[in-house]
Amino acid sequence: MLYESMSFLYYLNPEKYKLRKWREDNHRNSEQIVDVGEELINEHASKLGDDIWIIYEQVMIAALDCSRDDLAWTCLQELKKQFPGSQRVKRLAGMRLEALEKYEDASKQYDSILQDDPTNTAARKRKISILKAQGKSAEAIRELNEYLEQFVGDQEAWHELSELYINEHDYGKAAFCLEELMMTNPHNHLYCEQYAEVKYTQGGLENLELSRKYFAQALKLNNGNMRALFGLYMSASHIAASPKVNATVKKANVKYAAWATNQINRAYQLAGRGTKENKCSVKAVEEMLESMQITMS
Amino acid sequence: MGEVELSCLAYVKMYLHACLFPRCSVNGLLLSSSPAGGAVCVTDCVPLLHTHLPLAPITQLALTQVDVWCAQTQQRIVGYYQANACVSDSSPTPCALKIADKIAEQCNNAVLLMIDGGKMSPDYRVPPIVMYERKDTRWTLKDKHTIMLRQWEETRDIASQLLDSGDHSLLVDFDSHLDDITRDWTNQKLNAKIAELASPANASSIALPPGGGTVSIVTFTWSSSTARGRQQNINSLSINHILLENSPEWRNNG
């Protein structure tokens with residue numbers, strides 16, 4: 001008897017651990033979650049103890065992402081039975097309606113949550129997601145701005161807003177959102193690099209110099225960030241090429257670009273070792289850097 | 001305008017790209033290995049991005065690298081494709097129009113191809129694509145009868161097969177390449193798999209005879225008025241002569 005239950009535990013742990021890891025890292029690998037989770041629920045529900053409820057929630061959301069309404073419905077029913085009247089479960093029901101594109105009904109569901117609890121951030125964010133799904137970007141942006149006035153520390157919301165602005169080509173406002181994120185997450189190289197990309201896209205000498213600085217900052221935080229390395233190379237090259245800069249600035253930027261070229265070449269040489277696969281892409285980079293060097297001299 | 005032929009290889013890779021990132025907008029370039037003039041034969045494609053399509057640096061970088069690779073392999077960039085994240089709207093976005101415009105500057109009968117996400121169900125009967133061509137300065141819908149996809153059913157089956165077997169995860173776009181530069185954005189491995197699956201009749205439309213490519217560096221700027229691509233004079237300073245160490249001066253200023 002003991003041996004049997006122990007072997008069950010041994011089997012269960014890796015799967016439970018995987019699900020927990022994906023939950024904590026907020027991975028959107030929905031197909032995998034459905035695969036692992038469905039089997040866990042169907043075969044071993046009784047052995048999961050209280051963990052089963054959070055697994056039902058995780059699997060339900062993943063199932064919605066994969067158009068598995070059958071599985072989502074099952075999970076939802078179990079959660080409704082266990083937690084009648086719960087706002088959290090109500091929100092899940094709303095998400096299911098969203099997945100079925102019943103946006104009006106979903107919206108009503110979220111409104112009823114907000115009536116009982118006006119500070120429920122999850123419901124507010126779902127309403128904004130509905131606007132996004134319907135392609136109503138301007139409204140989504142407006143609502144998200146209002147939301148952020150109240151909940152100024154919500155990182156996820158700031159990032160979502162920056163993405164919405166980028167899609168609307170409103171680079172100035174996207175930059176502002178990324179500035180907020182960089183202030184609260186000074187060690188995150190991705191925010192630095194995204195900010196640099198936005199500045200580069202805005203164009204103009206000042207923005208190019210800013211973009212170069214932030215690409216460099218991203219590299220300092222993570223010297224494996226290839227986008228930042230290429231970005232540094234391109235921004236420095238463009239500044240050096242500008243007729244508006246003086247000789248000192250030109251010289252400095254030529255230096256930065258040259259340093260970046262060296263690093264890029266080194267990275268690609270390392271990458272090219274041993275694998276035949278990426279010879280084509282390595283060659284393309286080499287030639288590109290060479291041709292850019294020639295026109296700069 | 002003229003006829004456009006879409007090869008099995010190009011279609012399958014585009015389709016798989018859209019399937020690999022179902023929650024993102026994706027884009028890529030359409031290539032041709034046949035000479036300019038006459039019908040446009042799209043023989044291959046390079047998947048580019050699945051994040052931040054409207055941002056300039058990586059797009060510029062990718063365009064430059066693909067351009068160089070095309071010159072090396074006697075191909076030309078003849079078009080652009082995009083699949084929007086929002087399934088209900090498959091119309092070209094401003095960024096799609098911008099990039100397509102730039103391509104059209106170098107290639108007369110360039111095409112803009114939008115993948116219609118809403119029509120990509122498992123048993124779709126017609127290719128889920130909408131093609132645009134440039135008339136005067138605007139992109140207009142192309143007459144469906146001028147678009148050719150040889151062996152359509154076989155092509156569709158090859159795409160489904162690769163999707164079912166999970167081989168679509170072999171596809172590398174430029175974004176993925178930047179995440180891990182050992183991955184090959186020219187997708188030689190996947191190309192070989194697709195060629196294997198295609199029948200001998202189709203193989204001829206995959207490997208069209210190489211034409212005379214033109215070396216054209218596609219330069220473009222977004223809203224920048226000072227960044228003029230790669231032509232400029234730096235008072236006879238040749239980069240190769242500069243000391244390439246990490247000077248402390250650089251560290252403080254960077």
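Treat the numbers as computed from the prediction; the structure is a model and nothing was measured. Throughout, protein chains are lettered first and strands after them, A, B, ... in sequence-line order, and every chain is numbered starting at 1.
The closest side-chain heavy-atom distance from B:S88 to A:E101 is not below 4.5 Å.
Environment of NZ in A:K132: sparse, with no more than 12 heavy atoms of neighbouring residues, nucleotides or ligands closer than 6.0 Å. Counting non-hydrogen atoms of neighbouring residues, nucleotides and ligands closer than 6.0 angstrom, the CD atom of A:E179 exceeds 12 such neighbours. A 6.0 Å sphere centred on CZ of A:F176 holds no more than 12 heavy atoms belonging to other residues, nucleotides or ligands. More than 12 heavy atoms of other residues, nucleotides or ligands sit less than 6.0 Å from atom CG of A:N222. Crowding of B:R23 atom CZ: a count of heavy atoms from other residues, nucleotides or ligands under 6.0 Å exceeding 12.
Heavy atoms of A:E31 lying under 4.5 Å from chain B belong exclusively to its side chain. When heavy atoms are compared at a cutoff of 4.5 Å, A:D65 approaches chain B by way of both its backbone and its side chain. Both the backbone and the side chain of A:A267 come within contact range of chain B, each with at least one heavy atom under 4.5 Å from a heavy atom of that chain. Both the backbone and the side chain of B:D175 come within less than 4.5 Å of a heavy atom in chain A.
Atom SG of B:C95 and atom NE2 of A:H169 lie 5.5 Å apart (nearest 0.5 Å). Going from atom OG1 of B:T93 over to atom CG of A:N167 covers 8.5 Å, rounded to the nearest 0.5 Å. Of the inter-residue distances, the one linking B:I58 atom CD1 with A:R227 atom CZ reads 6.0 Å to the nearest 0.5 angstrom. A distance of 4.5 Å separates CD of B:Q60 from CE of A:M234, quoted to the nearest 0.5 Å. With values rounded to the nearest 0.5 angstrom, B:T64 atom OG1 is found 10.0 Å from A:F230 atom CZ.
In terms of heavy-atom pairs under 4.5 angstrom with chain A, the leader among B:L61, B:T51, B:L178 is B:L61.
The heavy-atom pair separating A:F215 from B:P57 by the smallest distance is CZ-CG, 4.3 Å. Residues A:A133 and B:C86 approach most closely at O-SG, 3.6 Å, considering heavy atoms.
Taking the six-membered ring wherever Trp is involved, the centroid distance between the rings of A:Y268 and B:H177 falls below 6.0 Å.
Using modelled atom types, no side-chain atom of A:T201 and backbone atom of B:L55 make a donor-acceptor pair closer than 3.5 Å.
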